[in-house]
Amino acid sequence: MRTGGGLVVMGDPEQKPWTGSFGSFFLCTESGEAVTIRRIRHAAPVPPLDVAVQLREVTTDAPGIISARGEPPEFFDPKDSSRHRMEGSYSAFRPGLRVTRHCGPPGAAEDGFTELLFVVKVDSGGGVIDRAWIDYTVDGEPTRSYTTAINWVMVLCGTETRGIHDEDSCTDRTDG
């Protein structure tokens, strides 16, 4: 499995509670061997109201969702609060998901992709997910059990998130 890292900050809209979605976590296998995802875990130093893990299955070369206000399948444009549907079919993650798609070069998704999304609901306090892990087995063999870390920090700004990862990350950030 392939992962990256970074920090994504989503501004605090006026309406509360609110939901933000974080993605661009593409599920594929580096070795070409099938993997079975047993569970997905996360750590939240500023706990959100709820975190749902969803899958987005896309069969075209559509872009991934880095972050978007709202939840699948409709997201909000922060400039005018209009709703936009992102291409693909959405479903809740369930343990036992088999991943057979081989990882191609970064950015190459001609055959589509399966994207992991963290759909995070927060109140005025906001929320932070600073670590996540994917626990999986290779070819369904329990003795070949591994964990891949997702080194992305996902911040939904609020009164409790100011200065958590960067003193300025949530200062004066608002969305709609």
message: Could you see if Ile65 belongs to whatever hydrophobic cluster contains Met10? Use Ile, Leu, Val, Met, Phe, Trp, Tyr and a side-chain cutoff under 4.5 Å.
response: no

- prompt: Looking only at heavy atoms, which two atoms of Glu141 and Thr137 are closest? And how far apart?
  reply: O-CB, 3.7 Å

- prompt: Between Glu87 and Thr60, do the side chains contain an N or O donor and an N or O acceptor separated by less than 3.5 Å?
  reply: yes

task: State the CG-CD distance between Leu116 and Gln54, to the nearest 0.5 angstrom.
output: 10.0 Å

- request: Check whether any side-chain heavy atom of Phe75 lies under 4.5 Å from a side-chain heavy atom of Met86, and answer yes or no.
  value: yes

query: Would a hydrophobic clustering, with Ile, Leu, Val, Met, Phe, Trp and Tyr connected at side-chain separations under 4.5 Å, put Ile40 with Tyr90?
result: no

- prompt: Can you find a heavy atom in the side chain of Ile129 that is under 4.5 Å from one in the side chain of Val155?
  reply: no

query: Is it true that Leu97 and Val35 fall in one hydrophobic cluster, defined by side-chain heavy atoms closer than 4.5 Å?
result: yes

Output field: ring centroids Phe118/Phe22 closer than 6.0 Å: no

query: Roughly how far, to the nearest 0.5 Å, is the CG atom of Leu49 from the CG atom of Leu156?
result: 10.5 Å

query: Quick one: side chain to side chain contact (heavy atoms under 4.5 Å, CB included) partners of His84, sequence neighbours excluded?
result: Asp77, Ser82

Co-membership, hydrophobic cluster, residues Met154 and Val119, 4.5 Å side-chain: no

- prompt: Salt bridge check: are Glu57 and Arg101 linked by an N-O gap of less than 4.0 Å?
  reply: yes

- prompt: What's the spacing between Ile37 CD1 and Arg94 CZ if we round to 0.5 Å?
  reply: 14.0 Å

query: What is the distance from atom OG of Ser124 to atom CG of Asp12, rounded to the nearest 0.5 Å?
result: 8.0 Å

message: Could you report the tightest heavy-atom contact between Glu30 and Cys103, atom names first, then the distance?
response: N-SG, 3.8 Å

task: Please check if Val53 and Val120 belong to a single hydrophobic cluster, counting links between Ile, Leu, Val, Met, Phe, Trp and Tyr side chain heavy atoms closer than 4.5 Å.
output: yes

Heavy-atom pair with the smallest gap, counting every atom of Leu117 and Pro72: CD1-CG, 3.9 Å

- request: Any salt bridge (charged side-chain N to carboxylate O under 4.0 Å, His left out) involving residues 32-44? Give me the pairs, sequence neighbours left out, ordered by first then second residue.
  value: Glu33-Arg144, Arg39-Asp135, Arg41-Asp135

query: Between Pro17 and Lys121, what is the shortest heavy-atom contact and its length?
result: CG-CE, 3.8 Å

task: Looking only at non-hydrogen atoms, find the nearest pair between Ser21 and Gly70 and report the distance.
output: OG-O, 2.8 Å

message: Quick one, Arg83 with Glu74, criterion salt bridge (Lys or Arg N to Asp or Glu O under 4.0 Å). Give me CA distance, side-chain angles, the key distance, then yes/no.
response: CA-CA 6 Å; Arg83 294 175 186 241; Glu74 289 189 342; 3.2 Å; yes

message: Any heavy-atom pair between the side chains of Phe25 and Ile150 that's under 4.5 Å?
response: yes

query: Looking only at heavy atoms, what is the nearest atom pair of Thr161 and Gly127, with distance?
result: CG2-N, 3.6 Å

query: When you look at Thr19 and Glu71, which way does the side-chain contact (heavy atoms from CB on, under 4.5 Å) test go after all the steps?
result: CA-CA 6 Å; Thr19 302; Glu71 58 188 285; 3.9 Å; yes

task: Supply the atom-to-atom distance Ile134 CD1 to Thr148 OG1, rounded to the nearest 0.5 angstrom.
output: 6.0 Å

- prompt: With a 4.5 Å limit on heavy-atom distance, are the side chains of Val122 and Trp18 in contact?
  reply: yes

- prompt: Are side-chain heavy atoms of Val138 and Tyr146 found at a separation under 4.5 Å?
  reply: yes

query: Can you tell me how far the OG atom of Ser24 sits from the CD1 atom of Ile66, to the nearest 0.5 Å?
result: 4.5 Å

